[in-house]
Structures are given as C-alpha cells and as structure tokens.
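Let me begin by presenting the structure, written as structure tokens, before commenting on it.
For ligands, and for the atoms within them, numbers begin at 1 and follow the listed sequence. None of the values given here were measured: they were computed from a predicted structure.
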Amino acid sequence: MDLKLSLIAFLGLLCCCNSQKEGNECINANAKYCGECIQAGAKCGWCTDPNFLKQGETVSSRCDELQSLLKRGCNASLIENPVGKLETVKNVSVTDRSKAPKNLKPEDITQVQPQKVSLTLRSGEPQSFKLKFKRAEDYPIDLYYLMDLSYSMKDDLENVKNLGTSLMLEMSKITSDFRIGFGSFVEKTVMPYISTTPAKLLNPCTGDQNCTSPFSYKNVLPLTSDGSRFNNLVGVQQISGNLDSPEGGFDAIMQVAVCGEIFGSKSRPHGKGPAFV
Ligand SMILES: *[C@@H]1O[C@H](CO)[C@@H](O)[C@H](O)[C@H]1NC(C)=O
Ligand SMILES: *[C@@H]1O[C@H](CO)[C@@H](O)[C@H](O)[C@H]1NC(C)=O
Ligand SMILES: *[C@@H]1O[C@H](CO)[C@@H](O)[C@H](O)[C@H]1NC(C)=O
Ligand SMILES: [Ca+2]
C-alpha cells in the first residue's frame, strides 16, 4: 500500500514538472540545420517544407517534436526524422549438444547468440537486443602432461603411471570430448648441466641404477582420446639424471607452447596450444 502511494506521488511529481517546463529539447537546441536538430534528441524532427515558416519565425523553428511539427502544419512527408534500426546478420541457435550429432566439430559449436548484428544508431535513441550465452556442455578439453624425468622424480613417476586412467575417468564427468597427451624433459644436454663423459651419457645415474640418457624434451604422446595409451606410454618411461638441481622445464614448456601443430591442438577452436600440468 505504501509503495503504491509513493509511486503515485512520484508520478504526480513527474507530471507537474514536465508540464511546467518551457518548450522541449528540440526547440531549446536552437538548431540551425537539420543535422543539429536530429542530434538534439530522439524525438526531434526537422521540417523541410519550404512553406512551413511563418512570418518572423527563425530557421530553428523547423526543429520540433514530431507531433508539434504536424500540428503546426508541416507536410508529414517533408519531415526529416531518421530512426535507428537493428539488423540481425547472423543468428545461429546455441548448440544443444545432447540433441546435436555426435560427430559435431568444435568449430561448429555455438555458445553465443546472435553472432553478428548491424546497428544503425540515432543519438539519444536506445537499441536493445537479447544476448544468449549457453556454455556448451561437453566442450572439448585438451590436457598435456609435462613431466620432469630427472632422478628426484623417480617416486612420482610411479604415481603418474596410474594417473591416466583416473584423469580420464574424472574428466569424462566434465566432458565427453577429452584428449590427453604426455611429454617429458630432463635437462639441456651440455656441460655444466649434465656429465658428458661417455659412460654418464649412456647412464647418468650412480650405483646400479639403470637410467636412460639425459635429453632436453620429448613429445611422447600427442593428444589422444585413448587413455590407455597414456598409461602404457607413461609405464615405459625411464628416469634419467643430470648434475644441478634446477631442470630444463622451461625449455619443454616453450616447445609445447610453440609447436601446437605437432600435438594436434590446431584442430581446436581458439587452440594455440594445450593446457599445462
Ligand atoms: C506533401 O508533400 C508531397 C510531396 O512533396 C505532395 O505530393 C503533397 O501534395 C503534400 N501535401 C500537402 C497536404 O501539402
Ligand atoms: C535470434 O533468433 C532467435 C530464435 O532462434 C530469436 O528469438 C531472437 O530474437 C533472434 N535474435 C535477434 C537479435 O534477432
Ligand atoms: C639394471 O640392469 C641390469 C642389467 O639389465 C640388471 O642386472 C640390474 O638389476 C638393473 N638394476 C636395477 C636397479 O634395476
Ligand atoms: Ca639440472
């Protein structure tokens, strides 16, 4: 009840003040030419009728609200009053992947609608349209696992050997389009990062540990949706060794970042490279 009353009071206030206002924005603009008048407000029109101006009226009298111009005797077909418009150029419906064909390519998935609109705007006149966004469930995800195979990672390698299946299982809850890849790195293969004696180049580890030759970076498994290949390949990875404790991880990240084509990430929309772990 209170709300209703205050609303009425508010409307009353608006009416009172509007009716007291002299002229309107079109007249107040004191426009000298059509363009100036049109920009004065969304309601303003310019009368081009040569017989319109009465004795003593200045050219700015041609600018007024539409209704007033007609009332003052301007020929309706001679009133300049452009209006804005909205043209939908591309408006493909957002993709509902539960209804879409199974083999739909990522670039055919639509998440925002409309895709392209052409607007003609007039100063002071708003244009509005609804923008629809639907996050495509099942949007493709690539995961590239980059692993340090220096000697201290020996115990971690054992854990990662079971990771592929678990990751695949968890990710399948988020998307049915999941790819996994695997790469490894050790160190720059020069002194002083590794020992370059012939024996240590073959097996950099001490004691009876069987380590593989040190290497900078290897792309072991390009992105694939076959999780078992991840497990199998991680399973046969051998640990290596080098001299100093910082490792060549950034060299590997650099390789992954710039060689997207080799990993198969080029087939992804907006995909320059895979995600890192
Ligand atoms: C309005 O203008 C049009 C085009 O100039 C003309 O054909 C028509 O006769 C005019 N109407 C009046 C009422 O003056
Ligand atoms: C786009 O198409 C939908 C129907 O699929 C319609 O509801 C919507 O108004 C259109 N959007 C625009 C900006 O034309
Ligand atoms: C390393 O390899 C040799 C020969 O293949 C084998 O006898 C030895 O047990 C291996 N050592 C380890 C720690 O696996
Ligand atoms: Ca190192």
Side-chain angles (χ1 to χ4, degrees), residues 34 45-54 57 61-62 64 66-100 104 108-122 125-136 146-157 183-197 200-206 209 211-218 237-255:
C34 178
W46 180 262
C47 181
T48 62
D49 191 336
N51 307 318
F52 176 68
L53 291 183
K54 298 185 177 66
E57 284 184 335
S61 303
R62 293 187 176 279
D64 204 341
L66 234 53
Q67 289 310 313
S68 309
L69 286 176
L70 292 171
K71 217 186 284 176
R72 287 165 56 201
C74 181
N75 185 332
S77 65
L78 298 173
I79 296 176
E80 209 56 61
N81 177 39
V83 290
K85 66 174 193 289
L86 182 147
E87 212 178 312
T88 309
V89 180
K90 195 173 177 203
N91 189 21
V92 178
S93 294
V94 290
T95 310
D96 183 345
R97 283 197 103 190
S98 64
K99 292 180 189 142
L104 201 65
D108 295 331
I109 293 172
T110 305
Q111 298 192 108
V112 179
Q113 179 190 8
Q115 294 77 43
K116 193 171 186 182
V117 296
S118 169
L119 287 168
T120 306
L121 297 172
R122 165 148 179 204
E125 183 196 25
Q127 293 290 334
S128 66
F129 61 92
K130 277 194 179 146
L131 196 66
K132 190 172 171 184
F133 174 74
K134 186 174 189 290
R135 194 178 75 91
L146 197 52
M147 183 151 186
D148 180 351
L149 283 184
S150 62
Y151 192 74
S152 58
M153 302 302 284
K154 192 175 161 59
D155 48 344
D156 301 286
L157 182 60
S184 59
F185 66 89
V186 182
E187 184 59 283
K188 291 177 184 8
T189 55
V190 288
M191 280 291 277
Y193 309 105
I194 63 160
S195 171
T196 51
T197 62
K200 288 280 185 207
L201 277 177
L202 281 176
N203 179 359
C205 299
T206 50
Q209 289 293 332
C211 290
T212 190
S213 300
F215 57 90
S216 178
Y217 162 72
K218 280 182 190 167
Q237 295 307 303
Q238 260 189 302
I239 214 82
S240 185
N242 71 101
L243 294 177
D244 63 338
S245 52
E247 320 292 19
F250 275 113
D251 290 358
I253 288 177
M254 183 67 176
Q255 292 294 313

For the 3.5 Å polar cut-off, considering only N or O atoms, please tell me whether N91 and ligand 2 meet it.
yes
Closest to atom 12 (C) of ligand 1 among protein heavy atoms sits N75 ND2, 3.2 Å
Quick note on ligand 2: atoms under 4.0 Å from a heavy atom of Q113 include exactly 1 (C), 2 (O), 3 (C), 5 (O)
Heavy-atom protein neighbour under 4.0 angstrom from atom 9 (O) of ligand 1
no
Give the residue, atom name and distance (to 0.1 Å) of the protein heavy atom nearest atom 5 (O) of ligand 1.
L78 CD2, 4.2 Å
Kindly compute the distance separating OG (S150) from CD1 (I194), expressed to the nearest 0.5 Å.
13.0 Å
Side chain, backbone, both or neither: the part of K130 lying under 4.0 Å from ligand 2 by heavy atom:
neither
Give the atom numbers and elements of ligand 1 that come within less than 4.0 Å of a heavy atom of S77.
1 (C), 2 (O), 3 (C), 4 (C)
Atom name in E247, limited to N/O/S, at shortest distance from the Ca ion (ligand 4):
OE1
Any side-chain heavy atom of P114 within less than 4.5 Å of one from L131?
yes
Let me check your reading of the structure: within less than 3.0 Å of the Ca ion (ligand 4), is there an N/O/S atom from P246?
yes
Against heavy atoms of T88, which atoms of ligand 2 measure under 4.0 Å?
12 (C), 13 (C), 14 (O)
As an exercise, identify every atom of ligand 2 less than 4.0 angstrom from a heavy atom of S93.
5 (O)
Presence of N, O or S from Y193 under 3.0 Å of the Ca ion (ligand 4):
no
May I ask whether K132 places a heavy atom under 4.0 Å from ligand 2?
no
